[in-house]
Amino acid sequence: MAIKVGIPKSLLFYEYYPLWISFFEGLGAEVIVSDDTNKEILDIGVKASIDEACIPVKIFHGHVINIKDKVDYLFIPRIKSLFKNEYICPKFSGLPEMIKSSIKELPPIIDVEINFFKSKKHLKDTVIRAGRYVSSSNRVIMSSYNRAYLEYKKHRKKIKEGIINELTGADIVKNNIVDVRKVMVMGHPYNLYDSYLNMNLLNKIKQNEAKVFTPEMIDDKYLNKYVKDFDGELYWTFARKLIGTALYLSHKECVDGIIYISTFGCGIDSVVGDIVEKLIRRNSRIPFVHISLDEHSGEAGINTRVEAFMDMIKWRDVLEDNISAHG
Amino acid sequence: MKITFPHMGNTYIALKVIFEELGAEVVIPPKCNKNTLELGTLYSPELMCIPFKITVGNYLESIEKGADTMFMWGGCDVCRIGYYNTLQKDILQSLGYEIQMFCLEPMKNINDVKNFLKKLSFVSGSKNYIKVLPIFIKGLRTLYEIDELDDLVIKIRPRELNRGAVDRLYSSFKEDVNNANGYKSIVETIRRYKEKLLKIEIDKDKEVLRVGIVGEIYTVVEPFINQYLIERLGNMGVEVHRSVTSSEFIKEQLDFIPFLKSDKEEVHRGAKPYLNTEIGGHARHTVGNTVLYSEKNYDGVIHLMPFTCMPEIVAGSILSIVEKDKDIPILKLVLDEMTGESGYLTRIEAFIDLLLNRRESKFYERDISWS
Ligand code: SF4
């Protein structure tokens, strides 16, 4: 029988799932992904985790509980750094420990350390260590990884074309030509693509006849170019991406509105959200709204804010048209 | 140049020594108070951690007193501290202040030390950074002296025979040390008070509770943030031990220098079964020191952290198993500008009661087994 590897559909899953899933499947494992986030997952997650944790981490706890009894292994890598000289967030480094201390009766955890802070030299090592749980052949492991990596590349390309795989519950972002306005929704990928967590925000924008964009759709090339203008060190990957996006947008003024989604209790957002907001407001005229989600956010409240924001964008168009027509 | 720096407990005394010896005019921010926090909160991002807010408050209050240059420790860690500089510069600029800022980056090797000394020599206006080295060392010595004094204070306070004797002595110490200038006279003041402290009448055989403090450094070291926790515990008859102090922190930073020994290895050994890697901030120390306290049979541990502090949240999560494994009660106190005094005190008192009860029941068990 195939070894069952469980992957919680949470946190960086949204960024890397094609890579992770096809890697383990290529090794002959059966990959079991937890359900879409739902009320039960949120509730058990909140209950299991430390009070002070951010919602995404609480939800992660819920996803672990959701699949832990169905699998032989849980894939919870210790992600310290994904890019040179950059960290993620301390919670990603301590995630295996947080899970082990809060949840009982766990299957063994594949907790390989992913740390490319100094270089990617030991990538192969990392891959082999992860693959060893399922396969004993380094050759098989590496070739499965290479194939998985291609999958991931393809996926990234699709995202840039605006098509986000349905697995993330956000396939709605297929861009439609009749939509006129463009809205950039910014935030951590797991806030953008978990439609339970953000209460279907992307769809709501879509329903307002606007195209949705996310930072992942902007090529890193551009981000990295604009981020050079930033006065200060950006040693968090999320910070580089989001601040890069903000600089890019305020320079190009290519969207009609920007929505920043953060979650209450996120240490990174408390810094990055603030910097992004200041950059946009100071350097551009793009309407901006910051929506902070917490466990108790009601959908009605979010609806009102999104509606009001979309109305504002529409009114702005009308106003500007009038001005340019008469002036 | 009028230089200032944020408060973090008594570190200001050592910083004052360094900058005065460098020949700069020093503006010490007013002792952290309600106004500091209110000012800081007003101009900081809403969900930023409390050390950031207090620091902003310190700067603003110092600027009012004429400061034009800010010194800050920062650098690239996994946590927010590395962004302090950027954000604070921006805040001050948008308030219209033209302020110079310079920052102490974490030191990992001799070269980093050299760079830091170079920055310091800029303060003194000289180009010769080698001349600055002895001044830096004087600063470190002051820091050690002051932390030694504070360690002594928390040992004696719960045992004093005349209530309030330690606190009275300490406030006159603060006054004297603030009026002293330069390395020599400051260190003399500290030593003089050490002697006075040792003369305070104590009950040597008093059975006191022993509580260890772990957590994020600002919240442990700055009494205003932790609402004078250490002093209060002492006055409740509890002997406190701080696992994080400024001097230990610096020692660990500099322990690539052969003669500087820190407790780092020991702490890592303690943390090993639970967290065998650095995840940022003081998380590994929090876990490690808690284990060490349990090994040394402390009665309990208090874990201090700023609200939304990422590394300490991970540590807090892990402490929940350490607490069970090692059978040592842990009280987690999360601090922000909303932390109210009365609820906070109630929790501390309840915790101390719990520890007292545990102690008594242990003795009781022993009594029975003797009979
Ligand atoms: S980046 Fe923010 S939301 Fe994500 S795990 Fe860290 S604190 Fe939580």
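Predicted model only: the values in this text are computed from it and were never measured. Lettering of chains follows the sequences in order, A, B, ..., and the numbering in each one begins at 1.
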Q: Name the region of B:F52, side chain, backbone, both or neither, that has any atom closer than 4.5 Å to a heavy atom of chain A.
A: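 Neither part.
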Q: Roughly how far, to the nearest 0.5 Å, is OG of A:S270 from CE of B:M48?
A: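 Answer rounded to 0.5 Å: 5.0 Å.
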Q: Between A:R78, A:E97, A:E277, which has the largest tally of heavy atom pairs under 4.5 Å with chain B?
A: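 Of the options given, most contacts go to A:E97.
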Q: Using side-chain heavy atoms (C-beta onward) and a distance below 4.5 Å, is B:T277 in contact with A:K80?
A: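 Touching, per the 4.5 Å side-chain cut-off.
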Q: Can you say whether B:S94 sits under 4.5 Å from chain A via the side chain, the backbone, both, or neither, judging by heavy atoms?
A: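 Only the side chain of B:S94 comes within 4.5 Å of chain A.
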Q: Chain A heavy atoms under 4.5 Å from B:I318: which part of the residue, side chain, backbone, both or neither?
A: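 Both the backbone and the side chain of B:I318 come within 4.5 Å of chain A.
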Q: So, for A:S101 and B:S317, which heavy atoms are closest and what is the spacing to 0.1 Å?
A: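 The pair with the smallest heavy-atom distance is OG-O, 3.0 Å.
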Q: Are the side chain of A:Y235 and the backbone N or O of B:G82 linked by a donor-acceptor pair below 3.5 Å?
A: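 Yes, because the side chain of A:Y235 sits within donor-acceptor range (under 3.5 Å) of the backbone of B:G82.
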Q: Is it the side chain or the backbone of A:K91 that comes within 4.5 Å of chain B heavy atoms, both, or neither?
A: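 Both parts, backbone and side chain.
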Q: Atom SG in A:C266, atom CG in B:L47: separation rounded to 0.5 Å?
A: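 Going from SG on A:C266 over to CG on B:L47, the span is 9.5 Å.
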Q: If you tally heavy-atom pairs under 4.5 Å against chain A, which of B:V287, B:T86, B:I279, B:V334 wins?
A: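 If we count pairs closer than 4.5 Å to chain A, B:I279 comes out on top.
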Q: Atom NZ of residue position A:K47 - does it have more than 12 heavy atoms of other residues, nucleotides or ligands inside 6.0 Å?
A: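 Counting other residues, nucleotides and ligands, NZ of A:K47 stays at 12 neighbours or fewer.
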Q: Any side-chain to backbone donor/acceptor pair from A:K278 onto B:D90? Under 3.5 Å, distance only.
A: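 Checking the backbone N and O of B:D90 against the side chain of A:K278, no donor-acceptor pair under 3.5 Å is found.
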Q: In terms of heavy-atom proximity below 4.5 Å to chain A, should B:K332 be classed as side chain, backbone, both, or neither?
A: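 Contact with chain A is through the side chain of B:K332 alone.
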Q: Enter the distance from A:I50:CD1 to B:L319:CG here, rounded to the nearest 0.5 Å.
A: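 Going from the CD1 atom of A:I50 to the CG atom of B:L319 covers 8.0 Å.
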Q: Under 6.0 Å from the CD atom of B:E295, do we count more than 12 heavy atoms belonging to anything else shown?
A: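 Count over threshold, so yes.
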Q: Give a yes or no on whether A:K120 atom NZ has more than 12 heavy-atom contacts from other residues, nucleotides or ligands under 6.0 Å away.
A: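 Counting neighbours around NZ of A:K120, more than 12 heavy atoms of other residues, nucleotides or ligands fall under 6.0 Å, so yes.
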Q: Does a side-chain heavy-atom distance below 4.5 Å link A:K100 with B:I321?
A: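 No, their side chains stay 4.5 Å or more apart.
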Q: So for A:F230, is it side chain, backbone, both, or neither that comes closer than 4.5 Å to the heavy atoms of chain B?
A: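 The side chain, not the backbone.
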Q: In terms of heavy-atom pairs under 4.5 Å, which option from A:S93, A:P96, A:G267, A:S292 contacts chain B the most?
A: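 Most heavy-atom pairs within the cutoff with chain B belong to A:G267.
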Q: Considering only heavy atoms, which portion of A:E113 lies under 4.5 Å from any heavy atom of chain B: side chain, backbone, both, or neither?
A: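 Contact with chain B: side chain only.
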Q: State whether the number of non-hydrogen atoms from other residues, nucleotides or ligands found under 6.0 Å of B:E265 atom CD is greater than 12.
A: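 At most 12 heavy atoms, drawn from other residues, nucleotides or ligands, come within 6.0 Å of this atom.
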Q: Most heavy-atom pairs under 4.5 angstrom with chain B, which of A:I99, A:D51, A:L234?
A: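 Max contact count across the listed options: A:L234.
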Q: Side chain, backbone, both or neither: which part of A:I268 has a heavy atom under 4.5 Å from chain B?
A: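 For A:I268, the contact with chain B is made by backbone and side chain together.
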Q: Find out whether B:M310 and A:F92 are in side-chain contact, i.e. whether some heavy atom of one side chain is under 4.5 Å from a heavy atom of the other.
A: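 Contact flag for B:M310/A:F92 side chains = no.
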Q: For the residue pair B:L87 and A:V271, establish whether any side-chain heavy-atom pair is separated by less than 4.5 Å.
A: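 B:L87 vs A:V271: side chains touch.
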Q: Would A:E52 and B:E312 count as a side-chain contact (heavy atoms from CB on, under 4.5 Å) here? Give the steps.
A: CA-CA 10 Å; A:E52 289 75 23; B:E312 292 304 327; over 6 Å; no
Q: Rounded to the nearest 0.5 Å, how far does CG of A:D231 lie from CD of B:Q93?
A: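 The distance works out to 8.0 Å.
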Q: For the CZ atom on B:F102, are there more than 12 heavy atoms of other groups (residues, nucleotides or ligands in this structure) within a distance under 6.0 Å?
A: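 Counting other residues, nucleotides and ligands, CZ of B:F102 exceeds 12 neighbours.
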